[in-house]
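What follows is a set of notes on a single structure, which appears directly below.
Whatever order the structure lists ligands and atoms in, that order sets their numbers, starting from 1.
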Amino acid sequence: MMRTVCLNGAFLPLAEAKVSVMDRGFLFGDGAYEIVPVYSRRPFRLAEHLARLRHTLDGIHLANPHDDATWARLIDAIVARNEGEDQSVYLHITRGIGARREHAFPAQAAPTVFIMSEPLQTPPPSQREAGIDAVSAPDVRWLRCDLKTLSLLANCLLRQQAVDAGCIETILFRDGRMTEGAASNIFAVKNGVLLAPPKSELVLAGITYDIVLELAAAHGLPCEVREVAEAEARAADELWLTSSTKEVLPIVRLDGQPVGAGRPGPVFAQMYAWYQAFKQTVMRGG
Ligand code: PDD
């Protein structure tokens, strides 16, 4: 399958897309990104993803290279040029190319704008049915985790800890509180109440997180948006992970200890069904 990407407005085969080694994305991880899931060739929650991209760009003082209508057009063009009804579209903006390696911003640099699509690989049904294992780690990232920036070294190291332990995700704790996963948001359930760590500069405001809270409200599932202490997370009846690519997954073991009964819980089963029904109505219904 030949994949087509978009680099600075030009559509070309993935293998031919090249950027300068002086690009600040390469040298400093200086830039922003987004991942938009696409179902039935329709971007899911696009307005929300583009709003979060604006938030990230504002936060790193990088002008948005496109208005939302242009982003939408470029995304549609990439989706049309790639295979698969369901795709995962990656948007990437760097501060562009400086004349020398200098931390401070170049006086005038054009941003580098890169868009690619990958097949959307939602988790295999076995992960949902059996649940997944997670490890925990101190949240060693910086203090602006609300920004979806290219600098992901801490997230990569943290996710690798899970993989090295034969697990899927690493749950992060900072100052005795649960923040999120290395590349996901984390929810807890205790006594039938959904517990969601609040949005702050220490957590990425997940688009899937918002959908889960909306579905909880719509269906009358009791929910508390508040700090979740590490001890509470470890004593939860259920833990879930959410992200655009993994949707909602049950975590059944944390650091080798069973979460609740050690199998996917009833509240998860309910939320998963609501999530799939919501996706169907929004994306495939008409
Ligand atoms: N990551 N928290 C972090 C640190 C993330 O990287 C992500 C998503 C999320 C969930 O956000 P959303 O529901 O909007 O996908 C939370 C993407 C999938 C990634 O970097 O691959």
Side-chain angles (χ1 to χ4, degrees), residues 25 29 31-39 43-56 59 75 86-93 114-123 127 132 134-163 168-174 177-188 196-216 225 228 233 239-249 251 271-272 275-276 278-279 282-283:
Y33 78 103
E34 268 299 323
I35 291 179
V36 186
V38 171
Y39 298 106
F44 189 56
R45 291 262 162 149
L46 180 58
E48 289 81 357
H49 281 280
L50 293 178
R52 187 170 66 186
L53 179 62
R54 275 197 302 278
H55 174 75
T56 300
I75 291 167
D86 296 351
Q87 302 180 22
S88 167
V89 172
Y90 176 76
L91 313 178
H92 173 118
I93 305 101
F114 173 57
I115 309 173
M116 70 172 167
S117 169
E118 301 193 307
L120 179 64
Q121 277 169 342
T122 48
Q127 285 191 359
I132 59 166
V135 293
S136 69
D139 192 341
V140 294
R141 301 172 302 162
W142 71 332
L143 300 176
R144 290 307 306 273
C145 298
D146 59 316
L147 304 177
K148 212 161 169 53
T149 63
L150 299 182
S151 322
L152 285 174
L153 180 56
N155 303 66
C156 293
L157 291 168
L158 290 163
R159 171 60 71 83
Q160 188 61 34
Q161 285 185 32
V163 172
I168 300 290
E169 183 56 303
T170 303
I171 299 182
L172 308 179
F173 295 105
R174 197 194 284 265
R177 293 162 166 181
M178 180 166 75
T179 50
E180 59 182 335
S184 60
N185 291 107
I186 308 287
F187 290 83
K199 290 179 187 176
S200 75
E201 292 190 349
L202 301 180
V203 177
L204 186 77
I207 307 298
T208 321
Y209 167 101
D210 280 341
I211 297 172
V212 163
L213 290 186
E214 286 169 29
L215 290 170
V225 177
V228 177
L239 291 174
W240 313 339
L241 154 176
T242 69
S243 83
S244 291
T245 47
K246 295 194 185 295
E247 302 185 336
V248 192
L249 275 182
I251 297 165
M271 180 56 71
Y272 183 79
Y275 192 88
Q276 294 307 318
F278 174 72
K279 230 172 78 181
V282 174
M283 303 314 299

Between [X] and ligand 1, find which residue part has any heavy-atom pair under 4.0 Å and reply side chain, backbone, both or neither.
X      : value
Asn185 : both
Leu204 : side chain
Ala182 : backbone

Query raised in the report: Just by modelled atom types, is the Pro197 backbone N or O under 3.5 Å from a matching donor or acceptor in the Tyr209 side chain?
Result: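 Answer holds: yes.
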Query raised in the report: Can you check whether Ser244's main-chain N or O pairs, donor with acceptor, with Thr208's side chain at less than 3.5 Å?
Result: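 Here the side-chain-to-backbone pair exists.
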**Report entry** contact_flag Lys148 ligand 1 heavy-atom lt 4.0 Å
**Finding:**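 Contact check Lys148 vs ligand 1: positive.
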Query raised in the report: Does at least one non-hydrogen atom of Ala205 fall below 4.0 angstrom from an atom of ligand 1?
Result: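 Checking ligand 1 against Ala205, which is what was asked, there is no heavy-atom contact under 4.0 Å.
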Output the list of atoms in ligand 1 that are nearer than 4.0 Å to some heavy atom of [X], sorted by atom number.
X      : result
Ser184 : 2 (N), 3 (C), 5 (C), 7 (C), 9 (C), 16 (C)
Thr208 : 12 (P), 13 (O)
Glu180 : 2 (N), 3 (C), 4 (C), 16 (C)

Query - Pairing of Lys246 and Glu169 as salt bridge, 4.0 angstrom limit - result: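 Here Lys246 does not pair with Glu169 in a salt bridge, since their nearest N and O are not under 4.0 Å apart.
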Report task. Tell me, yes or no, whether the heavy-atom count around Arg177 atom CZ, taken from other residues, nucleotides or ligands under 6.0 Å, exceeds 12. Result ->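 Counting neighbours around CZ of Arg177, 12 or fewer heavy atoms of other residues, nucleotides or ligands fall under 6.0 Å, so no.
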Query raised in the report: Hey, does His49 have a side-chain heavy atom less than 4.5 Å from the side chain of Pro43?
Result: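 When only atoms from C-beta onward are counted, His49 and Pro43 do not touch, as no gap falls below 4.5 Å.
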Report task. Over 60° means perpendicular and under 30° means parallel, so classify the ring planes of Tyr90 and Phe114, tilted if in between. Result ->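 If you compare the ring of Phe114 with that of Tyr90, the planes turn out perpendicular.
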**Report entry** Of the listed options Ser244, Ser88, Gly206, Ala183, closest to atom 11 (O) of ligand 1 (non-hydrogen atoms)
**Finding:**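 Comparing heavy atoms across Ser244, Ser88, Gly206, Ala183, the nearest one to atom 11 (O) of ligand 1 lies in Gly206.
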